[in-house]
Participant: 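Structure in structure tokens, see below.
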Amino acid sequence: MTSDKEETSFKLRVYAITRMIPRGKVATYGQVATLAGSAGAARACGHVLRHSAGEGLPWQRVINAQGRISGGGDVHRPLLQRQLLEAEGVVFRRSGSCDMKVYGWEGPCQRLKWE
DNA sequence: CTGATGACGGTGC
DNA sequence: GGCACCGCCATCA
């Protein structure tokens with residue numbers, strides 16, 4: 001492993017970051033984009049995450065900055081996401097949003113190698 | 001290379 | 001708190 005040419009792709013970085021999100025915590029697309037090395041690419045993160053469905057990634061822990069769940073056309077996606085998060089300890093308010101101040105992931109707490 | 005799209009983010013009303 | 005517009009970046013045709 002080590003190297004060389006894999007994690008150099010934005011898509012691969014998003015995969016790695018999404019996998020390092022601790023259980024019971026949630027990260028925003030912007031957060032993942034920033035950690036991936038491209039701040040502001042929140043939209044691009046959505047593209048990657050959308051394609052990641054089925055890749056064995058905890059995509060459910062990745063939500064928007066509003067603490068809300070997106071779904072993009074599908075109806076089972078946001079519903080399933082909320083169930084998975086609740087199963088991990090995340091509580092959603094009546095508005096359908098979660099408290100990012102409590103469940104918001106602060107980051108890997110360590111320097112990423114691609115930084 | 002250009003254009004269009006998209007699971008976003010922020011600001012303004 | 002909700003809705004609307006613009007801007008951001010990456011991927012696909």
Side-chain angles (χ1 to χ4, degrees):
Chain A
M1 351 243 332
T2 45
S3 27
D4 302 329
K5 45 182 177 200
E6 3 112 9
E7 317 276 297
T8 43
S9 279
F10 181 78
K11 181 158 61 172
L12 276 299
R13 296 185 203 182
V14 175
Y15 275 86
I17 293 165
T18 303
R19 279 187 192 185
M20 68 169 74
I21 297 175
R23 179 174 162 289
K25 293 266 184 172
V26 289
T28 69
Y29 296 96
Q31 185 78 49
V32 177
T34 303
L35 293 172
S38 296
R43 236 171 173 160
C45 280
H47 274 228
V48 177
L49 275 246
R50 188 189 203 273
H51 204 78
S52 74
E55 299 292 310
L57 279 169
W59 54 272
Q60 67 245 35
R61 292 177 191 156
V62 185
I63 60 182
N64 56 23
Q66 300 168 28
R68 276 204 177 166
I69 302 176
S70 311
D74 290 288
V75 288
H76 299 290
R77 208 66 56 122
L79 202 64
L80 173 65
Q81 188 163 12
R82 187 189 152 162
Q83 289 181 48
L84 291 168
L85 290 174
E86 284 191 313
E88 295 189 350
V90 180
V91 181
F92 281 80
R93 287 188 73 94
R94 268 201 5 187
S95 313
S97 55
C98 67
D99 197 330
M100 294 299 295
K101 295 179 299 192
V102 179
Y103 304 106
W105 185 39
E106 301 203 3
C109 261
Q110 58 184 277
R111 240 191 168 61
L112 300 174
K113 61 180 182 178
W114 55 65
E115 277 186 326

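Since we're looking at a predicted model, the values are computed, not measured. Order of the sequence lines sets the chain letters (A, B, ...), proteins ahead of strands, with each chain counted from 1. Computed over heavy atoms, backbone and side chain alike; hydrogens, waters and symmetry mates excluded.
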Participant: Using whole Å, report how far OH of A/Tyr29 lies from C1' of C/dG7.
Facilitator: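 In whole Å, C/dG7 C1' lies 19 Å from A/Tyr29 OH.
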Participant: On DNA chain C, check which nucleotide each of A/His51 and A/Ala39 is closest to and give me the residue with the more 5' one.
Facilitator: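 It is A/Ala39 whose nearest nucleotide is closer to the 5' end.
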Participant: Looking at B/dG6, C/dT11, B/dA7, which one has an atom nearest to any side-chain atom of A/Trp59?
Facilitator: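 Of B/dG6, C/dT11, B/dA7, B/dA7 is nearest to the side chain of A/Trp59.
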Participant: Rounded to the nearest angstrom, tell me the gap between atom CD1 in A/Ile69 and atom C1' in B/dC8.
Facilitator: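 For the pair A/Ile69 CD1 and B/dC8 C1', the rounded distance is 15 Å.
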Participant: So, is A/Ser38 close to the C/dC8 phosphate, meaning a side-chain N or O under 4.0 Å from OP1 or OP2?
Facilitator: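 For A/Ser38, the contact criterion (side-chain N or O under 4.0 Å from OP1 or OP2 of C/dC8) is not met.
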Participant: Whole Å only: how far is the CG atom of A/Asn64 from the P atom of C/dC9?
Facilitator: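 So the CG-P distance, A/Asn64 to C/dC9, works out to 20 Å.
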Participant: Does A/Leu80 form a side chain to side chain contact (heavy atoms under 4.5 Å, CB included) with A/Gln60? I'd like the steps, not just the answer.
Facilitator: CA-CA 8 Å; A/Leu80 173 65; A/Gln60 67 245 35; over 6 Å; no
Participant: Between atom CD in A/Gln31 and atom C1' in B/dG10, what is the gap in whole Å?
Facilitator: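 It is 16 Å, rounded to the nearest whole Å.
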Participant: Of all the choices, B/dG6, C/dC9, C/dT11, which nucleotide is nearest to the side chain of A/Ala41 once you look at every atom?
Facilitator: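 Nearest listed nucleotide: C/dC9.
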Participant: Please pick, from B/dC8, C/dA10, C/dT11, the nucleotide with the shortest atom-to-atom distance to any side-chain atom of A/Lys11.
Facilitator: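 Selected nucleotide: C/dT11.
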Participant: Please examine the side chains of A/Ile21 and A/Gln31, heavy atoms only from C-beta on, and report whether any two atoms are closer than 4.5 Å.
Facilitator: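 A side-chain contact under 4.5 Å is absent here.
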Participant: Tell me, with the steps shown, if A/Leu85 and A/Tyr103 meet side chain to side chain contact (heavy atoms under 4.5 Å, CB included).
Facilitator: CA-CA 10 Å; A/Leu85 290 174; A/Tyr103 304 106; over 6 Å; no
Participant: Looking only at side-chain atoms of A/Ala42, point me to the closest of C/dC9, B/dG9, B/dA7.
Facilitator: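 The closest nucleotide is B/dG9.
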Participant: Without decimals, in angstroms, what is the distance between A/Arg50 CZ and C/dC12 P?
Facilitator: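 Distance check: A/Arg50 CZ to C/dC12 P gives 12 Å.
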Participant: Are the side chains of A/Ile17 and A/Met20 in touch, meaning some heavy atoms are under 4.5 Å apart?
Facilitator: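 With C-beta onward as the side chain, the pair touches.
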Participant: Using atom NE2 of A/His76 as one end and atom C1' of B/dA7 as the other, report the distance to the nearest whole Å.
Facilitator: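 Taking NE2 of A/His76 and C1' of B/dA7, I get 16 Å after rounding.
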Participant: Apply the salt bridge (charged side-chain N to carboxylate O under 4.0 Å, His left out) test between A/Glu88 and each candidate in A/Arg23, A/Arg61, A/Lys25; give the one that qualifies.
Facilitator: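 That would be A/Arg61.
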Participant: Among C/dT11, B/dG9, B/dA7, which nucleotide sits nearest the side chain of A/Gln81?
Facilitator: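 Nearest to the side chain of A/Gln81 among the choices is B/dA7.
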Participant: B/dG9 C1' sits how many Å from A/Gln66 CD, rounded?
Facilitator: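 The answer, rounded to whole Å, is 8 Å.
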Participant: Describe the nucleic acid contact of A/Ala44 in one word from base, sugar-phosphate, nothing, applying a heavy-atom distance below 4.0 Å.
Facilitator: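 If one applies the 4.0 Å heavy-atom cut-off, A/Ala44 turns out to touch a base.
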Participant: Examine B/dC8: is either OP1 or OP2 under 4.0 Å from a nitrogen or oxygen in the side chain of A/Ser70? Give yes or no.
Facilitator: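 Yes, because at least one side-chain N or O of A/Ser70 sits under 4.0 Å from OP1 or OP2 of B/dC8.
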Participant: Atom CZ of A/Arg77 and atom P of B/dA7: how far apart are they, to the nearest Å?
Facilitator: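 So the two atoms are 10 Å apart, to the nearest Å.
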Participant: Tell me what A/Arg68 touches on the nucleic acid: a base, only sugar-phosphate, or nothing, going by heavy atoms under 4.0 Å.
Facilitator: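 Sugar-phosphate contact only - A/Arg68 comes under 4.0 Å of backbone atoms but never of a base.
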Participant: Among C/dG2, C/dC9, C/dT11, which is the nearest nucleotide to the side chain of A/Arg43?
Facilitator: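 Ranking C/dG2, C/dC9, C/dT11 by closest atom to the A/Arg43 side chain puts C/dC9 first.
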